[in-house]
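Just so we're on the same page: letters track the sequence lines, and every chain starts at 1.
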Amino acid sequence: MAEHSPRRFTPQAQEALASPVIRQNFRGAMDYLRKARSNAFSDPVEADAVLAKAEAVRRRCLSQLPALLETLEQRCTANGIQVHWAETPAEANAIIRALCQREDAKLVAKGKSMVSEEIGLNKHLAGLGIDCRETDMGEFIVQLDGDRPSHIIMPAIHKNKDEISATFEQHLPDFEATRDVDQLIAAGRQALREKFQAAEVGLTGVNFAVAETGTLCLVENEGNGRMCSTIPRVHIAVTGIEKVVEQLSDIAPLYSALTRSATGQAITTYFNMVSSPRRPGEWDGPEEVHLVLLDNGRSQAFADDELRQTLQCIRCGACMNHCPVYGRIGGHAYGTVYPGPIGKIISPHLLGLDDAGELPTASSLCGACGEVCPVGIPIPALLQRLRVEAKHGASAGHPPLKGQGAKANRLEALAMKGFAWLARHPRCYRAGTWLARRLAPFYPRRLGAWGQCRVTPKPAPKPLSQLLKEQRRV
Amino acid sequence: MSEAKNRILARLRQVNPSAPERPEQPYAPYLGEDAPARLARFCSRLEAAHAEVVRCPQQSLAAQLQAMVKGASLTRLLAGNDGPFSAAISQAGGSRLSCFDKPMSEFKAVLFTDVDAGISQAWGAIADTGTLVLWTGPNEPRSLSLVPPVSIIIVAASAIMDNFAQLLAKPQCRQGLPTNLLLVSGPSKTADIQQTLAYGAHGPRQLYVVVVEDC
Ligand code: SF4
């Protein structure tokens, strides 16, 4: 499978659109997830209240971010959790690698973590002979295929059970093809149980990090996150700096908003709150717990009052589940770790506006993402803002974003300037429209790709200004 | 790596985000009318999540457990050292019961292959979502409710709270969380294959809950 890149968004999207299997797999999944979410928020008054609260909590916590991070580090350290800071993916990988090498680890059992995808951890460790094994069922399937997750909550959403059975046949010894989902899951369970026992290190993400108590919270249904944070001798949790919340009480509304938005569940099977390594007298649990806090462009988003809202995200995936673009092209076409609407607003900070390619423009701005976002991120407004930043230099008083102005186009800028000038000079403007009407018979019949599903526009016989004038006369 | 820390914090400190303008509304999740309503909601939610729930008085807890163990043909049981229901557990388990009293490194193979069911004693429960609260520690190992294919959890009816927010507001939580505080709301599950729900993904396939009504 060729590596996808956001720079090749258009051909990747076209390829996805041409695949009926991808279209069908996503259609089915989107319908299911949307229905589940809407059932979970069936009482609009209650829904408004909990979502308003969740948004307010995220805003408040972000407004105190540096202080909360310091408190988090203090409390974690006091509890015996070792805290590490990384500015870049390379630094985060180096920290994790050093910990694994010190353990002489051959196998790392990994729970679902989008940040570990963001830093390319599996590949990095594989290069050093350390097998970093995904243990979330969806991630496990995707990893067997040498594939990438196509959704942040349901990584194998692009595959149906026949495809998964074929994957297992190819990679799991003694597996017999089946369409029975229970049997497929049982096969995965069996294969992974061995890994949990053998792994020297367990790695997970973090859903919420509580500053008040130095507690790392993990949300999951399968129990693999619990395995990774319970069985191996060392547990490493890796997360973005924005995940910190102020107090324990902040978790309740966020957790409810998260599970209901993500999969329509009132609660997940497990909520796992880790506050320290194994204490004296305890028989199980890791003897060491490490927390790696990653910046990787988040502080850039933080610096701007509007773009900071990007960091409110609790990674529920609802925006992609409701996105008409995502629903048709799927997650891979974006070529980024975070696909869909959230990917379009976070990737420019992680990768730069240049490397994020056309992503901010890959939206119809229909507004569905902003409407369903449980923490009130105005995604369409942020997309428009990023489009502006990609086309222009930084405005006064704003430090330039990574890749600022990367999409600037002299010709386009000139054309816009010309139009602006024309619009402010009525006589010339009228002359222009007069000329346009006269030239109508000579318009080309085909207008390239734009004209594929559109007819060439014809200028109206009379301009609007004239119609208005005539009406006033009547 | 404290250099990275200093640089990250310095960048964040350059900005002075204003505190949110609107005052935050209090969060108001489910409140039960009374104890029976709480209990009913707790049981129905758990059952909806595919758990099997039975209620019994403390007096018949041992018999209840025994019937459960027999019904599911569980022969190798594991429990923690001590807890409010330990006497009943010992009585029910008899020779089939062993105690989790070795460190994980020595116990892994037994735990993963030789145990049919782990028996845990919940510290609390949440009615709103049908959730068991496990305050793990020396007497309540966290892997008991995770590794064996069957998980049995005993909880006192009086320990059922209305909602998660109430749990988090408890002084015990704010002042001294255990190594691992766990919420369990059903058997392990996944919908990762074509949105089809399957139980026993990595944790227990079956969850039995015994609510002791009179304590
Ligand atoms: S942007 Fe909003 S809807 Fe999208 S994943 Fe984040 S929290 Fe969920």
Side-chain angles (χ1 to χ4, degrees), chain A residues 29 32 49 52-53 56 59-60 63 65-66 84-87 91 95 137-138 154 156 160-161 164 181-182 184-185 189 192-193 197 213 215 221-224 226-227 230-231 241 248-249 251-253 266-267 269-276 278-279 281-285 295 299 302-303 308, chain B residues 1-2 4-5 7-9 11-15 17-20 22 24-25 27-29 100-104 107-108 112 129 131 137-138 141-143 146 163-165 168-169 173-174 177-196 198 200-203:
Chain A
Y32 166 86
K53 179 70 182 181
R59 281 175 170 273
R60 165 168 47 80
S63 76
L65 184 59
H84 311 259
W85 301 69
E87 282 191 281
E91 281 180 20
I95 293 166
M137 282 297 175
M154 307 197 113
N160 58 38
K161 47 194 171 195
I164 292 166
V181 172
D182 283 322
L184 289 168
I185 292 297
R189 173 186 172 107
L192 287 167
R193 289 221 136 198
Q197 294 175 68
T213 53
T215 300
N221 284 312
E222 296 187 1
N224 64 311
R226 281 186 66 192
M227 288 279 189
T230 295
I231 310 295
I241 50 173
L248 274 182
S249 60
I251 315 173
I267 195 166
T269 301
Y270 301 118
F271 190 75
N272 182 359
M273 300 170 70
V274 174
S275 296
S276 77
R278 187 188 303 185
R279 289 181 190 153
E282 292 181 337
W283 302 117
D284 61 357
D295 179 346
S299 52
F302 184 79
R308 187 177 312 123
Chain B
M1 276 292 159
S2 73
K5 170 185 168 183
R7 277 198 297 266
I8 294 171
L9 288 178
R11 269 202 301 277
L12 298 178
R13 290 235 159 81
Q14 272 172 12
V15 209
S18 47
R22 273 169 289 160
E24 246 176 75
Q25 297 303 312
Y27 175 57
F100 200 133
D101 56 4
K102 278 177 214 62
M104 178 58 87
F107 202 51
K108 240 187 240 182
F112 272 81
T129 46
T131 299
R142 57 209 257 185
S143 43
L146 175 67
N163 56 55
F164 184 28
L168 295 170
C173 286
R174 303 195 59 177
L177 282 168
T179 307
N180 191 207
L181 185 72
L182 280 169
L183 307 191
V184 176
S185 307
S188 151
K189 66 172 182 270
T190 182
D192 271 0
I193 300 185
Q194 231 182 319
Q195 301 87 51
T196 311
H202 294 291

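Considering only heavy-atom pairs separated by less than 4.5 Å from chain A, the leading option among B/M104, B/Q25, B/H202 is B/H202. Contact count against chain B (heavy-atom pairs under 4.5 Å) is highest for A/A303 among A/A303, A/A156, A/S249. The residue among B/V184, B/T190, B/D101 with the most heavy atom pairs within less than 4.5 Å of chain A is B/D101. Put simply, of A/I251, A/T213, A/L192, A/V181, the one with the most heavy-atom pairs under 4.5 Å next to chain B is A/V181. The choice from A/A56, A/G281, A/P253 that makes the most heavy-atom pairs within less than 4.5 Å of chain B is A/P253. Counting heavy-atom pairs closer than 4.5 Å to chain B, the top-ranked of the candidates A/V274, A/I164, A/T215, A/N224 is A/N224. Most heavy-atom pairs under 4.5 Å with chain B: of the set A/G138, A/G223, A/S276, this distinction falls to A/S276. Heavy-atom pairs under 4.5 Å with chain A were tallied for B/T196, B/L168, B/T131; the largest tally goes to B/L168. Chain B forms the most heavy-atom pairs under 4.5 Å with one residue out of A/R60, A/Q197, A/M154, and that residue is A/Q197. Among B/R174, B/Q14, B/K189, the residue with the largest count of heavy-atom pairs under 4.5 Å with chain A is B/K189. Ranking B/P187, B/P103, B/P29, B/C173 against chain A, the residue ahead of the rest is B/P103, based on heavy-atom pairs under 4.5 Å.
Considering every non-hydrogen atom in both A/Y32 and B/A191, the closest pair reads OH-CB, 4.3 Å. Contact record, B/A198 with A/D182: CB-OD1, 3.5 Å, taken as the closest heavy-atom pair. A/S63 approaches B/S18 most closely through the heavy-atom pair CB-O, 3.8 Å. Minimum heavy-atom separation, A/Y270 to B/G186: OH-O, 4.5 Å. The heavy-atom pair separating B/A201 from A/M137 by the smallest distance is O-CE, 3.5 Å.
Between B/T179 and the choices A/R278, A/M273, A/E282, the side chain to side chain contact (heavy atoms under 4.5 Å, CB included) rule is met once, by A/E282.
The salt bridge (charged side-chain N to carboxylate O under 4.0 Å, His left out) search around A/D284 returns none, not counting sequence neighbours. A search for salt bridge (charged side-chain N to carboxylate O under 4.0 Å, His left out) contacts involving A/R193 returns nothing, not counting sequence neighbours.
Annotation: side chain of A/L65 is not in contact with side chain of B/V15 (no heavy-atom distance under 4.5 Å). Between B/S143 and A/W283 there is no side-chain heavy-atom pair separated by less than 4.5 Å. Considering only heavy atoms from C-beta on, A/I231 comes within 4.5 Å of B/F112 through its side chain. Side-chain contact check for A/D295 versus B/R7: every heavy-atom pair is 4.5 Å or farther apart. Contact annotation: the side chain of B/L12 approaches that of A/I241 to within less than 4.5 Å [non-hydrogen atoms, C-beta and beyond]. Residues B/Q194 and A/L184 have side chains not in contact (no heavy-atom distance under 4.5 Å, counting atoms from C-beta outward).
Residue contact with chain B, scored on non-hydrogen atoms closer than 4.5 Å, is absent for A/A52. For chain A, the nearby part of B/K102 is the backbone; its heavy atoms alone come within less than 4.5 Å. Using a 4.5 Å cut-off between heavy atoms, B/N163 makes no contact with chain A at all. Both the backbone and the side chain of B/A165 come within contact range of chain A, judged by heavy atoms closer than 4.5 Å.
Listed for the A/R226 side chain is a donor-acceptor partner under 3.5 Å among the backbone atoms of B/R142. No donor-acceptor pair under 3.5 Å is formed between the side chain of A/W85 and the backbone N or O of B/I8. In this structure a side-chain-to-backbone donor-acceptor pair under 3.5 Å is missing from A/K161 to B/I193. Side-chain atoms of A/R189 come within 3.5 Å of backbone atoms of B/G203 as a donor-acceptor pair (strictly under, hydrogens ignored).
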